[in-house]
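Because the structure is a prediction, the values reported are computed rather than measured. Proteins get letters first, then strands, A, B, ... in listed order; numbering begins at 1 in each.
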Protein chains: 2
Amino acid sequence: MRASNYLFSTLRDAPTDAVVTSHQLMVRAGMIRQISKGLYTWLPTGLKVFRKVENIVRDEMEKAGSLEVIMPGVQPAELWQETGRWQKYGPELLRLQDRHGRDYCLGPTHEEVITDLARNELTSYKQLPMNFFQIQTKFRDEVRPRFGVMRSREFCMKDAYSFHVGAESLQETYDVMHQAYCNVFDRIGLDYRPVRADTGSIGGAYSHEFHVLADSGEDDIAFSDSSDFAANIELAEAVCLKEKADAPTQDIAEVFTPDCKTIAKVAEFLKLDVTSTVKTMLVKALDENEQPTIVALVLRGDHNINEIKVEKLSGVVSPFEFADEADIVAQIGCAPGSIGPKGLAEKGIRVIADRSAAVMSDFCAGANKDDYHYTGLNWERDCAALEIADIRNVVEGDPSPDGQGTIVIKRGIEVGHIFQLGQQYAEALKATVLDENGKAQVMHMGCYGIGVSRIVAAAIEQNFDEKGILWPESIAPFDIAIVAMNYDKSEAVRNECDRLYAELKAKGLDVLLDDRKERPGVKFADCELLGIPHRLVVGDKGLEKGTLEYKHRKAGENEDIAIADAIDFILNKK
Amino acid sequence: MRASNYLFSTLRDAPTDAVVTSHQLMVRAGMIRQISKGLYTWLPTGLKVFRKVENIVRDEMEKAGSLEVIMPGVQPAELWQETGRWQKYGPELLRLQDRHGRDYCLGPTHEEVITDLARNELTSYKQLPMNFFQIQTKFRDEVRPRFGVMRSREFCMKDAYSFHVGAESLQETYDVMHQAYCNVFDRIGLDYRPVRADTGSIGGAYSHEFHVLADSGEDDIAFSDSSDFAANIELAEAVCLKEKADAPTQDIAEVFTPDCKTIAKVAEFLKLDVTSTVKTMLVKALDENEQPTIVALVLRGDHNINEIKVEKLSGVVSPFEFADEADIVAQIGCAPGSIGPKGLAEKGIRVIADRSAAVMSDFCAGANKDDYHYTGLNWERDCAALEIADIRNVVEGDPSPDGQGTIVIKRGIEVGHIFQLGQQYAEALKATVLDENGKAQVMHMGCYGIGVSRIVAAAIEQNFDEKGILWPESIAPFDIAIVAMNYDKSEAVRNECDRLYAELKAKGLDVLLDDRKERPGVKFADCELLGIPHRLVVGDKGLEKGTLEYKHRKAGENEDIAIADAIDFILNKK
């Protein structure tokens, strides 16, 4: 590509709404432009990277035996009504009507459509396992689209769906997909981790997310420092090695704690370590007669509640919701800041303590009376009927749940997610095949997503410096830039540039020849901002000496190379 | 690809709603499935063809210097309001609202979005000309989607848009695009014609359509039998070589024509040749004070009105609309079947005769009195104040408008359309660049569309037989099928098939190895239905003789080839 025929659209400054690095750099490097909230045009530089990611994903999916299809983006409501998701899916599902008033949605995912296809096209166990993928535009009407293409409303996903007789076959394909995903991220050259994850609104029993590690990640990933255990913090089990509480050594005392609205304030006021306090939260639940009630959750003062774990407790309403303050005051007689476990059971309220809270002794907790707390509280002596569960987020230093080492937490950007869906969609849509005995069997399903557009942003979050992007070679918009000094004026420069351009292109490299009438500083800055890995500068001074100036994007210094060696030099660097 | 891992989904019968061959064959060959009216999933066989078309289109666009981008499918209403198309575009534009109640549409085309991009990114004449393309999913809410992917609601288009200072630069890029389109259709191997065309709702001054010739085409294309003249019948000029009418030889006579509601009936009843009759139609118009009125159009009895030509006449309302019957009866005093030109001017009605009608003499026409016609009518003698215009469709045998030869009409499927848009969109969106003198200039624009999904269907309409599809080699789903006889039972067959499969794949061929446990007849029928150009049959009987059986999809007979020569034989056939 000759720069004089190319659209750079590089900018000195990022727009004010761009708060993460990848968003800033993608706009500044002329990769994307927003046309409306969460809707982006991919400019030539952005699309070149996008296509390279797309091609790696397609290639690995094909190698893994998945068959490519394309399903419509506009999906009929009837299919979503069959699975019940037309009602259940929130406002992220953009619903619309056609000219005849029929209901459709813009597909945020394709379980319904593919399962409908499978029930029509797959009839015999002989056809299975079968795995389909598509690379397709999705729409999710995010309430707050942000971070550029990282959380846009329209985006590109590779989604795959596999069909099986039996869970064993599903597990086999799941493992193949797990490996294919590792291959994709290895080939792109990203530092990533597969982690155990919650299955969320897609459902299913077993799932892994693939995270690109980056400080700007939205997710917390818990790792073991001594094994390959890795899980999204949503899911990572919080283990407590201590088996039971020590015997009480203090008497219970009611103390005045004025204006202490948080457990941190209470600890500070009473000069206690926060780890010797508990906090008690009341959340909405249903009793055995399905009537609304509240449940108390008790955590050590320094721990944080894990809403996903709580939602899985029997009786607790999902999605997670705190009890209304008015109900708390009515039932307990104090504001939420003074709630504690003592006496709740007597009022008919279930008390569920986190594993780590349940082994505490001589602790401090709310006295269920405004502005008062207890100290010297002990479970067995002072509180009735306790349930114990894992309801908190793991923290650094926790023992790893696999028994090896302790937990370290890093931030990650989710770029892939694979699920064992089991039979839920196939059951809802009655997708069966005949087995070896001629009996109809509901198929088992897996689903496997990769955020193609999101990978582009995640790669930047992991690879940038103050000058711009540091692309992995596999997905750089150009492999090499030839920067011409005075291309218009110097015939020698022009001839050498044209020769290098033709020869490097003939070797299969994606070459940018910067033949623009711009100052060298502008050209170098564009090269660096765009993150082109290799750069050759061609100028009259060097040509007189028989040299070109080479610089790798990540190297500090230029080096002079002999003209005659240039092509081999570059090919060796690749 | 091994057939045992592939999804065939071939069907013996086409669905009853499939009325055109390509739709029938695409469903039967397992290329597409409808999930809702006008919404299709592309199955693996269909998508393989689709991708081959897409890649040829992309390659030729890049060679022609166009830069690939991707714009969103969901477009904000504001841009369409700026050009006025939010109001003007009919119900084919699917309008929708997001969760915040903001208006959007599903893009049927992208003039607004690209012009918005251009006004932001293009600032100087130095950047021009600039040509962008995308290969993207479009949505048009067709009132009656039909013919499979030929007229579906969701479809894939390559659309390109070029930006220029001045009409001359636009013409240069237009010519480059014209050639690129020819390259695309030549490479695919289709019998096509570029034809002059009307610019329709996209607007602009100058345009060509690219038509694949096929009997099932929706468009009539007029060609010269002796030159390269070709135009859509909507646009082709109807020339009349006769300069004026002959002198009258008959007296005018009013004749009773009971129950003759059409001109054909009148001619039959009066035993006249229909070419000596005229038909007179009244259409809605506005007078010089912009008040509703009607205008009379007179054509020779065997000619058909061309609505697009009529819409361009001054005063006539666009879109074309016939006058209401009640108005006709009120103003003329008879039903539409008895209207004729004599006496209309006296009633204040403009009479516009087609060129061919205007040179007739001694003709028959309605007498403006129910069930009566005139014979022996002559213009100058009997009718006042006549306007003459080209208002009919050309017919076979008409002189070619370029003066060379006569017109032949063939049916075509429109697969591409290029337009010189001029400045209308750039003016509406204030898209300017600074010229050499630092003065703001409104850009000139071209736009260039190819229906990627439609090409797949059009290629079938032109290439099929009673057994199935006859793909051009360039876009066949597989280059060659190796049909194994008893792959599961015969080790010799298995070894030879696996060898051929590996070697042909290594030569870069797209190979289908049919290793299924199916009867040979089923495998042959699938091969033929899918239209795979080359077929090798591997069986024990042949192997004993040292031969394989080769058949080209279009050949009548099989031929035996020596195993040792097989690879070279196939490569020579390609």
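Residues of residues 46-57 of chain A that come closer than 4.5 Å to chain B, counting heavy atoms only, are L47(A), R51(A), ordered by residue number. Using non-hydrogen atoms only and a strict 4.5 Å limit, the part of residues 4-13 of chain A facing chain B consists of N5(A), Y6(A), L7(A), S9(A).
Using a 4.5 Å cut-off between heavy atoms, L122(B) contacts chain A through its side chain alone, with no backbone atom that close. For chain A, the nearby part of M130(B) is the side chain; its heavy atoms alone come within less than 4.5 Å. Using a 4.5 Å cut-off between heavy atoms, E142(A) contacts chain B through its backbone alone, with no side-chain atom that close. Heavy atoms closer than 4.5 Å to chain A are found in the side chain of R153(B), but not in its backbone. Heavy-atom distances place both the backbone and the side chain of E68(B) under 4.5 Å from chain A. With a threshold of 4.5 angstrom between heavy atoms, L94(B) approaches chain A through side-chain atoms but not through N, CA, C or O. The part of L106(B) that comes within reach of chain A is its side chain, from C-beta onward, which places non-hydrogen atoms under 4.5 angstrom from that chain. Contacts between E92(B) and chain A at a heavy-atom distance below 4.5 Å involve backbone atoms as well as side-chain atoms. For a residue to count as touching a neighbouring chain, one of its non-hydrogen atoms must lie under 4.5 Å from one of that chain's; by this rule V113(B) touches chain A with the side chain only.
Most heavy-atom pairs under 4.5 Å with chain B: of the set I35(A), V143(A), L39(A), D116(A), this distinction falls to V143(A). Ranked by non-hydrogen atom pairs under 4.5 Å with chain B, the options R102(A), R58(A), Q134(A) are led by R58(A). Most heavy-atom pairs under 4.5 Å with chain A, from the set L43(B), L96(B), D98(B), L128(B): that is D98(B). Among P129(A), G73(A), G65(A), the residue with the largest count of heavy-atom pairs under 4.5 Å with chain B is G73(A).
Side-chain atoms of R99(B) come within 3.5 Å of backbone atoms of D141(A) as a donor-acceptor pair (strictly under, hydrogens ignored).
Remark: K126(A) engages no residue in a salt bridge (Lys or Arg N to Asp or Glu O under 4.0 Å) (not counting sequence neighbours). The salt bridge (Lys or Arg N to Asp or Glu O under 4.0 Å) check on D488(B) picks up nothing, with sequence neighbours excluded.
In this structure, CD in Q127(A) is found 10.0 Å from CZ in R516(B), a value given to the nearest 0.5 Å.
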